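Heavy-atom basis, side chains included; hydrogens, waters and symmetry copies ignored. Since this is a predicted model, take the numbers as computed values, not measurements.
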Amino acid sequence: LQQLTKLQEEARRLRTEAREAKEQRDSAVAAQKELEAKVEDLQRGQEAQRLAGMDKKNAELHKQIEAVESKNADLNDENHDLRKYIDRLLVQLLELDVTAIERAAID
């Protein structure tokens, strides 16, 4: 009878240890899941920061492109004006040549 009581006490002790071990395991699993969630949040935050940096750089590049396009348009306008000026000068030169030829013919 005494041995049966000892076995029952041992069984209760083992059940208690098993319950405590299960609680510790469950707690560890919950802590691990919590850490994994924090890691995912950090990774999402880092990705968001990286994308925000890319967006900022993209905006800066877009401004630079717009400035270059504006400068290019100004240069195209200036080039067009210079071509018109050169055309007028060529016409004047031709008129001078014609006048010189006519004078030479008269003389």
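- Taking a 6.0 Å sphere around CD of E17, one finds it holds more than 12 heavy atoms contributed by other residues, nucleotides or ligands.
- Taken from CG in D81 to CD1 in I86, the straight-line distance is 11.0 Å, to the nearest 0.5 Å.
- Taking CD1 from I101 and CG from L96, the interatomic distance works out to 11.0 Å, rounded to the nearest 0.5 Å.
- A salt bridge does not link D41 with K38: every distance from a Lys NZ or Arg NE/NH1/NH2 to an Asp or Glu carboxylate oxygen is 4.0 Å or more.
- A 6.0 Å sphere centred on CD of Q3 holds no more than 12 heavy atoms belonging to other residues, nucleotides or ligands.
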Trace of the salt bridge (charged side-chain N to carboxylate O under 4.0 Å, His left out) decision for K22 with D26: CA-CA 6 Å; K22 182 182 180 303; D26 291 348; 2.9 Å; yes
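- Between the CE atom in M54 and the CG atom in L61 there is a gap of 11.0 Å [rounded to 0.5 Å].
- Using a 4.5 Å heavy-atom threshold, the side chains of R15 and R12 count as touching.
- A side-chain donor-acceptor contact under 3.5 Å links T99 to the backbone of E95.
- Between Q32 and E36 there is a side-chain heavy-atom pair separated by less than 4.5 Å.
- For the atom pair CD1 (I65) and CG (N72), the distance works out to 12.5 Å, reported to the nearest 0.5 Å.
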Test side chain to side chain contact (heavy atoms under 4.5 Å, CB included) applied to V68 and Q64, step by step: CA-CA 6 Å; V68 167; Q64 290 176 359; 5.5 Å; no
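- Residues R50 and E47 are paired through a salt bridge, judged by an N-O separation under 4.0 Å between the basic side chain and the carboxylate.
- The CG atom of L35 sits 13.0 Å away from atom NZ of K33, with the distance rounded to the nearest 0.5 Å.
- A salt bridge does not link R13 to E9: none of the charged nitrogens lies less than 4.0 Å from a carboxylate oxygen.
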